[in-house]
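Atoms considered below: every heavy atom in the structure, side chains included; atoms not considered: hydrogens, waters and symmetry mates. Here is how names work: the chains are called A, B, and so on, in the same order as the sequence lines, proteins then strands, and each is numbered from 1.
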Protein chains: 2
Amino acid sequence: MATRAPTSPRAPAARPDVAVLVVIFTVQADRLQVLLIKRSGDPFRGYWALPGGLLASAEAPDAAAIRKLGEETGVSDVFLEQLYTFSDLDGRGSVAVAYFALVDAQQAHLARRRAWLPAWFAVADLPPLAFDNASVIDYAFQRLRAKLDYSNVAYSLLPECFTLSQLQRAYEAILARPLDKRNFRKRMLSLGIIEPTGRVAAEGRHRPAQLYAFRERHPIMF
Amino acid sequence: MATRAPTSPRAPAARPDVAVLVVIFTVQADRLQVLLIKRSGDPFRGYWALPGGLLASAEAPDAAAIRKLGEETGVSDVFLEQLYTFSDLDGRGSVAVAYFALVDAQQAHLARRRAWLPAWFAVADLPPLAFDNASVIDYAFQRLRAKLDYSNVAYSLLPECFTLSQLQRAYEAILARPLDKRNFRKRMLSLGIIEPTGRVAAEGRHRPAQLYAFRERHPIMF
DNA sequence: GCAAAAGTGTTCTCTGTACACCCATGT
DNA sequence: ACATGGGTGTACAGAGAACACTTTTGC
């Protein structure tokens, strides 16, 4: 703790459980998806839930979130930030520090285990969830939408090189509305968050697209 | 906890200490001030620190923050929101859920006790602080500045009725820069967050000022 | 009548939005 | 030649910023 209570200088409080939760988003098939894990144990056995777990002793919540993310997707060095600290999601007085992360579906390799199997689910179409995980996901979703407008977090959703159409489709999937192509390109370029690589992607029977990259692969606000 | 770790279904983790911290701001004498408490116990005996303390058993962090705020200032029903969850501020692996609150200095009555004495300090001129409380205050300060621009949080800093000049001085104290009177009034009124009460305040040897009130006394974003 | 703060409009710039056509390629 | 997505510019509206003088009161 950081400051003792004046009224209880040495409170012998029973310590609450402290857990970490990670809301891991990706964009795949033009839909925003979230990683869920099928619970193999009680309570809520058989329900889907967010990855997470009790804090290992002396492990900081940030470190635990990074570890969880790595365990489930194999990725690191992506956008990951603290979301909110929820209390009593389980009805038993615990405290859960929630994080949210953005990963590129191509780079993420889900753990292939028997129990506690992970899978992607479209945020717009979630299965019944354990605990109150639906509200945690909703909170993360609102935050993601807000950040998309005033930061470069999308860098974490796409491969290093991408076309402007890919980027726009990712934005549209998250914001759930169509964006104007010209305005979108103008804005992205004028904000200076991306730059052309000079390379080109020939992907279909149509004109090849210029490939772009984010200038910075860490969070920037504007 | 909300979800058990797949890899450690029944982790016997040593639970970390969980504390609550509250950064309580007010505007007084045209300066942004923060409430600090003089520590009467170790560690950091004699240093100033943020009010806070260990979570009482089974008490939710939100409830503990509300309680702390009431204990130190006597007020409730003010703007209070979760700020961030810090880890290891004390170098001993604790977790501290920080909140920040805005109070009207006129309504707040500081506890008058012998030990753990509370007092206001200008944010721009803080004494040496216990633990890493300076960075918590700084974080809260940044958040407050940001919210001032896109919310009505200031409702919590002023009495129910106030003049536009008072409101502007509060904004200027927080943002630490002068604002244009006409633009400020235009904006406040066009956002529709305040309304004239019809009453008037004759306060000096000059023209009396119209009194305004916030339309909503709860947080609104725009 | 003077000191002191209250109150009030207009102009300009910039940002966001709406909108439609030609281009390069594969088949 | 045609189907497919890539790529481009302009005009309008609304928001924010700059800027100075008159009004009302107490003394």
Side-chain angles (χ1 to χ4, degrees), chain A residues 27 29-30 145-152 154 158-159 161-213 220-222, chain B residues 27 29-30 145-152 154 158-159 161-213 220-222:
Chain A
V27 173
D30 289 345
R145 282 193 171 181
K147 290 219 121 168
L148 214 53
D149 270 355
Y150 63 87
S151 79
N152 65 342
L158 295 172
C161 287
F162 51 87
T163 68
L164 282 175
S165 295
Q166 284 179 298
L167 182 61
Q168 184 175 340
R169 280 198 298 273
Y171 269 70
E172 289 174 335
I174 295 168
L175 299 174
R177 69 186 150 91
L179 300 174
D180 179 83
K181 193 178 8 172
R182 284 166 292 187
N183 294 338
F184 181 77
R185 292 156 111 89
K186 217 183 314 170
R187 182 165 148 85
M188 288 298 135
L189 290 167
S190 75
L191 286 175
I193 63 176
I194 58 174
E195 58 191 358
T197 61
R199 295 182 47 238
V200 138
E203 275 190 274
R205 52 173 185 167
H206 54 79
R207 176 174 176 177
Q210 180 67 239
L211 286 170
Y212 290 80
I220 294 184
M221 307 292 180
F222 40 80
Chain B
V27 173
D30 289 343
R145 281 193 171 180
K147 290 218 122 168
L148 214 52
D149 270 355
Y150 63 88
S151 80
N152 66 343
L158 294 172
C161 288
F162 51 87
T163 68
L164 282 175
S165 294
Q166 284 179 299
L167 183 61
Q168 184 175 340
R169 280 197 299 271
Y171 270 69
E172 289 175 334
I174 295 169
L175 299 175
R177 71 185 150 92
L179 301 175
D180 180 82
K181 191 172 21 166
R182 283 165 294 187
N183 293 337
F184 181 77
R185 292 156 111 91
K186 218 183 311 169
R187 182 165 147 86
M188 288 299 135
L189 290 166
S190 75
L191 286 174
I193 63 177
I194 57 174
E195 59 191 357
T197 60
R199 294 183 47 238
V200 137
E203 274 190 275
R205 53 173 186 167
H206 56 79
R207 179 172 174 177
Q210 180 66 239
L211 285 169
Y212 289 80
I220 294 183
M221 307 292 181
F222 38 79

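- Results of the side-chain contact (heavy atoms from CB on, under 4.5 Å) test with B:Phe184 over B:Lys181, B:Met188, B:Arg187 single out B:Met188 as the only residue that passes.
- One interatomic measurement links the two molecules: NZ of B:Lys181 to P of C:dA6, which rounds to 6 Å at whole-angstrom precision.
- Side-chain atoms of A:Thr197 do not come within 3.5 Å of backbone N or O of A:Ala213 as any donor-acceptor pair.
- When each of B:Ser190 and A:Arg169 is assigned the nucleotide of DNA chain D bearing its nearest heavy atom, the one mapping closer to the 5' terminus is A:Arg169.
- Of all nucleotides listed (C:dG7, C:dC19, C:dT27), C:dT27 comes nearest to the side chain of A:Arg205.
- Between the CZ atom of B:Phe184 and the C1' atom of C:dA6 there is a distance of 14 Å, rounded to whole Å.
- Put simply, CE on A:Met188 is 17 Å from C1' on D:dG7, counting in whole angstrom units.
- Heavy atoms of B:Arg187 sit under 4.0 angstrom from primed sugar atoms or phosphate atoms, though from no base atom.
- The listed nucleotides are D:dG7, D:dA17, C:dG7; the one nearest the side chain of B:Asn183 is D:dA17.
- Both B:His206 and B:Leu211 lie close to DNA chain C; mapped to their nearest nucleotides by heavy-atom distance, the more 5′-ward contact belongs to B:His206.
- Proximity note for B:Pro208 (side chain, C-beta onward) versus C:dC23, D:dT24, C:dA6: the nearest is D:dT24.
- Considering every non-hydrogen atom in both A:Gln210 and A:Arg199, the closest pair reads OE1-O, 3.0 Å.
- Between the C1' atom of C:dA3 and the CD atom of B:Glu203 lies a distance of 17 Å, rounded to the nearest Å.
- Between the side chain of A:Lys186 and the base of C:dT15, no donor-acceptor pair of N or O atoms lies under 3.5 Å.
- Side-chain N/O atoms of A:Ser165 include one lying less than 4.0 angstrom from OP1 or OP2 on D:dG6.
- A 4.5 Å side-chain heavy-atom check between B:Ile220 and B:Ile193 finds every atom pair outside the cut-off.
- A:Arg207 places its CZ atom 9 Å from the C1' atom of C:dC22, with the value rounded to the nearest Å.
- Among the protein residues, A:Gln210 comes within range of the sugar-phosphate backbone only, with heavy atoms under 4.0 Å from sugar or phosphate atoms but none that close to a base.
- In the set C:dA18, D:dG6, C:dT8, C:dT8 carries the atom at the smallest distance from any side-chain atom of B:Arg185.
- For the pair B:Leu175 CG and D:dA17 P, the computed distance is 11 Å after rounding to whole Å.
- Rounded to whole angstrom, the span from the CG atom of B:Leu189 across to the P atom of C:dG7 amounts to 10 Å.
- Look at CG on B:Leu179: it is 17 Å from C1' on C:dG7, rounded to the nearest Å.
- When distances run from any side-chain atom of B:Arg182 to the nucleotides C:dA24, C:dA18, D:dC19, the shortest one goes to D:dC19.
- Rounding to the nearest 0.5 angstrom, the gap separating the CG atom in A:Leu167 from the OH atom in A:Tyr212 is 10.5 Å.
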